[in-house]
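Small disclaimer: the values here were computed from a predicted structure and weren't measured.
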Amino acid sequence: MCCILMQTKEKLKKILKLSLDSFARNDIKIENINEKLFKLDINIEIPAQRDYGEFSSNISLVSAKLFKKSPRFIAENIIKYVPDFLGVCDYILKYEIAGNGFINFYMNNKFYSEILCEIDKKKENYGKYEQKNKRVLIEFVSSNPTGPMHIGNARLGALGDCLSGILNFFGYEVLTEFYVNDAGNQIQKFGESLSLRYEQIFDKNVEFIEDGYHGEDIKLLAQEFANIHGDKYIKVKSNEREKVLINYALPRNINKIKSDLERYKIFYDSWFYESELYKNNEISNIIQKLEKNNAIYRENNAIWFKATDFGGEKDEILIRTNGIPTYFAADIAYHVNKFVTRNFDMCINIWGADHHGHVARMQAAMNALGINNKILKIIIVQLVSVFRDGNICKMSKRSGQAETFASFLEEVNTDSARIIFNMQNPGSKMVFNINEAIKNDMSNPVYYVKYAYVRLKNIVNLVDNNKKKENFNNINLDLLNSPEERELIFILGMFPEEIASSSCLLDSTKITKYLINLVSWVHKFYQFKKVRSSEINEKLSNSRLFLCKQTIRIMEIIANILKIDMPEKM
RNA sequence: GCGCCGGUAGCUCAGUAGGAUAGAGCAACUGCCUUCUAAGCAGUAGGUCGGGGGUUCGAAUCCCUUUCGGCGUGCCA
């Protein structure tokens, strides 16, 4: 499926290629011209300013070398032949050469009215593509259940959930997943920490361990446990006590994570427990497979993965000298489970920047296991710090100063957070300005967006109430020819392309930026063009109303993808 | 030391797969509500795109180099 805008680009490209071909054939004799033309990187672009037209091509610039002529000269010669092929596209109003050799195309009214009609026809499916039959697993947040989430998880969550919304809308079969690290070393440490805090309640002289979990949350959990069970477990052997405490605390932490994320509008399709990998021997299975593929060796009683043989930076330990598998070994098994057992075609992991060292070795492990026909995409998200009252508080889990996810949610509205996090590229580190995120003006983009929706909705509702039913027979979309109206329509027409490129690039921020741009034109339109004014005739009024309705449609599609509530009134 | 990411307006950030005069918001200043909600719009001011080379019709964007910052470089996860 395609849209008017993309089709038009293709048609213009065709016209230009045919014209260039004519020029080459008739005016210049070059051998194998078709082959050479084929290699040219001819683009149809949307210029930044509309004075340059709706579309613009670099064809004469990129072919300058081939013809050994100036771009301007080539453009003049190409344009001579364009009339021969105008039948290919009936949206062209005029075309001209700009200063340095760009060929600019200006579109007629039909182009604009057909964009609106296309949206009206496809409705909430506008911008959707045919089902790809591609199963995608997207895993994000997956915070450690040994402690509370922090603000960085809010960024990961917003990016992951919105990306899954985009991919789903685009036509992939998407499954969202939270990977629960409920096994391995850190759970032992968790139990040990809990146990010591529990003992300290009854004996102040008990010393805490250096590499334990120092957070207040551990003390609280131990206290809660003591409130229920008293000193009953003091005399129990320490590893027994640790087990009991883990069984008490871990489900509590996981439930807290789950409920916090639900407040943030994230509802996972799946919660995958690391402990399942142990139960099903999946870790020992992958060790065997790796051994078969000659990808491991033994040293000092530990089992190593020859990561360097498969594109990794250095070799990695899979099974420690003490026989306990590393986190990495479990994670390989987890990925094999995704790709082989569950047979996903693409797996997307959204990881914090502190995990980026993990990327190369995981890719290497996939190579070693022959999982090459599948796609593993890892999106690394830089860390978040909080700006509050003029100060930057750096996020740090160990210092205990971290802004927790829960306290963040208390302050910042979920929709604001989702939009703000999705306005900034994952690759750049982020300073989250709390003071601005809780304000009710343009420093908080969520109000800018919602207000635009309310304004349009208000127009539509008022008209509906006044006339009971609008008469779309008495309509002439050619009347929508002001810069404000045209630009708004043009941006609506760009939506399918935005969705497509967001999906291909796995970029959830693109569509948010698009939304902000769309909304700014909604406000301009609202400012300059009255819809239900007595000063304009009914035909124009109806046409503008039609534009409002299609704009609302696109805004609702995006709101749905991003899970932003759009209010009727503010 | 090595690796990954980043450096764009006073601040926070965009910059459409190399394109035309580098853009928003915040902060500052000036206008616009008896007319569909001013949570808005229009305008002014603000820049050596960290520095230096290179590639070409054309570079914030690609390559090299240098500098500064964040992270990683665990038999931690």
For nucleotides 7-10 of chain B, give me every protein contact, N/O to N/O, under 3.5 Å, one pair per line with atom names.
none

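When distances are taken from the side chain of A/Leu383 to each of B/C41, B/C71, B/C75, the shortest belongs to B/C71. For A/Tyr327, taking side-chain heavy atoms from C-beta onward, the closest of the listed nucleotides B/A77, B/C4, B/C75 is B/A77. Closest to the A/Asn300 side chain, of the nucleotides B/C75, B/A38, B/C36, is B/C75. Here the nucleotide nearest the side chain of A/His356, chosen from B/C71, B/G74, B/C41, is B/C71. Side-chain proximity of A/Ile317 to B/C36, B/C75, B/C41: nearest is B/C75. Across B/C36, B/A77, B/G40, the shortest atom-to-atom separation from the side chain of A/Tyr526 is found for B/C36.
B/C33 takes the syn form, because its glycosidic angle lies no more than 90° either side of 0.
Take A/Asp211 and apply the side chain to side chain contact (heavy atoms under 4.5 Å, CB included) test, not counting sequence neighbours, and it matches A/Lys189, A/Ile209. Partners of A/Lys65 according to the side chain to side chain contact (heavy atoms under 4.5 Å, CB included) rule, which considers only residues two or more places apart in sequence or in another chain, do not exist here. Partners of A/His356 according to the ring pair (Phe, Tyr, Trp, His ring centres under 6.0 Å) rule, which considers only residues two or more places apart in sequence or in another chain, do not exist here. Evaluation of the ring pair (Phe, Tyr, Trp, His ring centres under 6.0 Å) rule for A/Phe23 yields A/Phe67 as partners, not counting sequence neighbours. Residues forming a ring pair (Phe, Tyr, Trp, His ring centres under 6.0 Å) with A/Tyr179 (at least two apart in sequence, or on another chain): A/Tyr334.
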Which atom pairs, donor and acceptor, lie under 3.5 Å between side-chain atoms of residues 418-435 of chain A and protein residues at least two apart or in another chain?
from     : atom 1 : to       : atom 2 : distance (Å)
A/Arg418 : NE     : A/Tyr264 : O      : 3.2
A/Arg418 : NH1    : A/Leu562 : O      : 2.9
A/Arg418 : NH2    : A/Asp161 : OD2    : 2.5
A/Arg418 : NH2    : A/Tyr264 : O      : 3.3
A/Arg418 : NH2    : A/Lys265 : O      : 3.2
A/Asn422 : OD1    : A/Ser508 : OG     : 2.7
A/Asn422 : ND2    : A/Ala158 : O      : 3.1
A/Asn422 : ND2    : A/Arg418 : O      : 2.9
A/Gln424 : NE2    : A/Lys429 : O      : 3.1
A/Asn425 : OD1    : A/Thr509 : OG1    : 3.3
A/Asn425 : OD1    : A/Lys513 : NZ     : 2.8
A/Ser428 : OG     : A/Asn425 : O      : 3.3
A/Asn433 : OD1    : A/Asn435 : N      : 3.0
A/Asn433 : OD1    : A/Glu436 : N      : 3.0
A/Asn435 : OD1    : A/Asp389 : N      : 2.7
A/Asn435 : ND2    : A/Asp389 : OD1    : 2.9

Please set out all donor-acceptor pairs under 3.5 angstrom arising from side-chain atoms of residues 71-79 of chain A, sequence neighbours excluded.
from    : atom 1 : to      : atom 2 : distance (Å)
A/Arg72 : NE     : A/Glu76 : OE2    : 3.3
A/Arg72 : NH1    : A/Ala98 : O      : 3.4
A/Arg72 : NH1    : A/Gly99 : O      : 3.2
A/Asn77 : OD1    : A/Lys80 : NZ     : 3.1
A/Asn77 : ND2    : A/Phe73 : O      : 2.8

### Summary
Once base and sugar-phosphate atoms are separated, protein heavy atoms under 4.0 Å mark nucleotides 13-22 of chain B, 5' to 3', with B, S and - as SSSB--BBB-
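Using a 4.0 Å cut-off, no side-chain N or O of A/Asn433 falls inside it from OP1 or OP2 of B/U12.
The pairing partner recorded for B/C2 is B/G72, the criterion being a Watson-Crick or G-U wobble arrangement whose two distances lie under 3.5 angstrom. Checking B/U44 for Watson-Crick or G-U wobble geometry (two distances, each under 3.5 Å) identifies B/A28 as its partner.
When A/Asn337, A/Ile332, A/Ile287 are each tested for a side chain to side chain contact (heavy atoms under 4.5 Å, CB included) with A/Glu282, only one passes: A/Asn337.
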